[in-house]
Amino acid sequence: MQKYSIFNLVKNAFSNHENWDLAWKDPTPKEEYDVVIIGGGGHGLATAYYLAKEHNITNVAIIEKGWIGGGNVGRNTTIIRSNYMHDENGLFSEFGMDLWRKMSQDLNYNVMFSPRGIINLAHSDAQMNAYARRGNSMRLNGIDAVLLNREQVREIIPMADFSENVRFPIFGGLMQPSAGTARHDAVAWGYARQADSMGVDIIQNCEVTGFDVVAGKIKGIRTSRGNIKAKKVGICVAGSTNILAEKLNMTLPIETHLLQACVSEPVKPVLDNVVTFGAGHFYVSQSDKGEMVMGGDLDGYNSYAQRGNLPTLQHVLTEGIAMMPFLSKLKMLRTWGGIMDMSMDGSPIIDKTHIEGLYLNCGWCYGGFKATPASGWTFAHTIAQDRVHELNAGYSLNRFNTGHLIDEKGLGTKTWIS
Amino acid sequence: MLYINCPHCGMRSQNEFSYGGDASVKRPELNKEVSDQEWDNFVYNRKSLRGKHLELWQHISGCRQWIKVERDTVTHEIFRTFKADEEVA
């Protein structure tokens, strides 16, 4: 593989950049693989990469119905954080933070990781108490957390509404300084390029139509480009999880919902951090191009549409303007939507299934992007070793049966509870 | 914007409604032995169909009745609406 470096950049400048290698190939599916990963999103690509890198398994195919970077990995708001209270989520995400910090060097691809900090605003004494508790839990798990009072928040984001007569006055906030953002497309392309260079076949425009299961053991998959035999199959298809589960006669604690995001026209630097509005469903950051990147809550009903509806957008932006009134002056540049695999307790599932050799990675709700490296790393471990790693032991499929739910926020698909 | 034909009030905008999820889910019968699997299926497990989906909505800013709506989860087309106790053929 051609290394991306300043020297290669200069060298290729002499040939008008026409002789760069393709970042990844377009192979024809082989008859058989050791491992087939269904879903060429961030998590699938990361899984294949760590299978090759950490476990030396390179006879791997990624089967993608669309194209690399066309799903949720290209549709999110690029936020990376580990500000969770519970051990299962905190330790898992903080492990991921380490991988994020090293990612650009590791992948030889600039993912533009920018640890600019995230601030969750608090609007009451009770919320300040809850954030103090969450912050302490985070620090016990080695995650940085700072509780900010009203004046400290005002210093960092003076453009927020600090007037006295607002419906949700800002009391303070919880900040994770090491949280941040990264360039989402680069994450997908970086993982794809490295996985490809280690021998992984990235097969795009190939839809999975069925599974071959014999005597409780996976034998292969059926696709729109023919049957492929496989010793092990990993599913990480986010919002399409239920479609594949139906082909396996499984019903899962997952519902597919639509989540929207939008960006404004680019403006000069005004916001250094990621800020969430603690009284509702709104968060905002500013991209390197100057666009305000905004998001909020689900559209509220089951959807596979990959495009949003206006009432939710209006609701989300109303909250945004309540938090930062200057946003009302900006023009909207783009809006879009992605389909989320919403689990019933709001936490993901990375586990084996009742079918031998079939593994499941789903339920990422709002937090799929930031989990990309940790999810890929633990899923690769689960597939390669045929047992879960301690980092994803809490993300079991049967926790809904045994009652070991992860009560991080207790929302799941039912967002109206908040 | 979705427009939902409330069987009690007529055609109204989605803003008047709140969503209640899959209407095909059945609560296990009372006064009978209920297995863990049956509880799981009632509380957590969902088919989350792609295409035609029968679901509950509440006309919360209207007559406050629960209704059933048959909607396509890809195109959002609404085919039919029913009263909550109406049998769906």
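A, B, ... follow the sequence lines: proteins, then strands. Residue 1 opens every chain.
- For D87(A), the side chain to side chain donor-acceptor pair (under 3.5 Å) partners at least two apart in sequence or on another chain are N141(A).
- For the atom pair CD (Q37(B)) and OG1 (T251(A)), the distance works out to 7.0 Å, reported to the nearest 0.5 Å.
- Atom CE of M1(B) sits about 7.5 Å away from atom CG of N309(A), to the nearest 0.5 Å.
- Atom OG of S48(B) is separated from atom NE2 of H257(A) by 6.5 Å, given to the nearest 0.5 angstrom.
- Between chain B and the options N302(A), I243(A), N242(A), T256(A), heavy-atom pairs under 4.5 Å are most frequent for N302(A).
- Here the CG atom belonging to L310(A) is positioned 9.5 Å from the CD atom belonging to Q14(B), to the nearest 0.5 angstrom.
- When the shell of 6.0 Å around CD of Q65(B) is examined, it contains more than 12 heavy atoms from other residues, nucleotides or ligands.
- Ring geometry for Y301(A) versus Y19(B): interplanar angle over 60°, hence perpendicular rather than tilted (30 to 60°).
- Put simply, CG on N45(B) and CE on M250(A) are 9.5 Å apart, with the number rounded to the nearest 0.5 Å.
- Within the structure, the salt bridge (charged side-chain N to carboxylate O under 4.0 Å, His left out) test picks out the following pairs touching residues 12-30 of chain B (sequence neighbours left out): R12(B)-E16(B), E29(B)-K32(B).
- Scanning residues 392-404 of chain A against chain B with a 4.5 Å heavy-atom cutoff picks out F400(A), N401(A), ordered by number.
- Side-chain contact between D345(A) and Y44(B) is absent, with no heavy-atom pair separated by less than 4.5 Å.
- The number of heavy atoms from other shown groups lying within 6.0 Å of CH2 (W67(A)) does not exceed 12.
- Contacts between W39(B) and chain A at a heavy-atom distance below 4.5 Å are absent for every atom of the residue.
- Contact annotation for L313(A): neither backbone nor side-chain heavy atoms come within less than 4.5 Å of a heavy atom of chain B.
- For L252(A), the part lying under 4.5 angstrom from a heavy atom of chain B is the backbone only.
- Taking non-hydrogen atoms and a 4.5 Å limit, the residue list of residues 68-83 of chain B in contact with chain A, ordered by number, reads R71(B), T73(B), V74(B), T75(B), H76(B).
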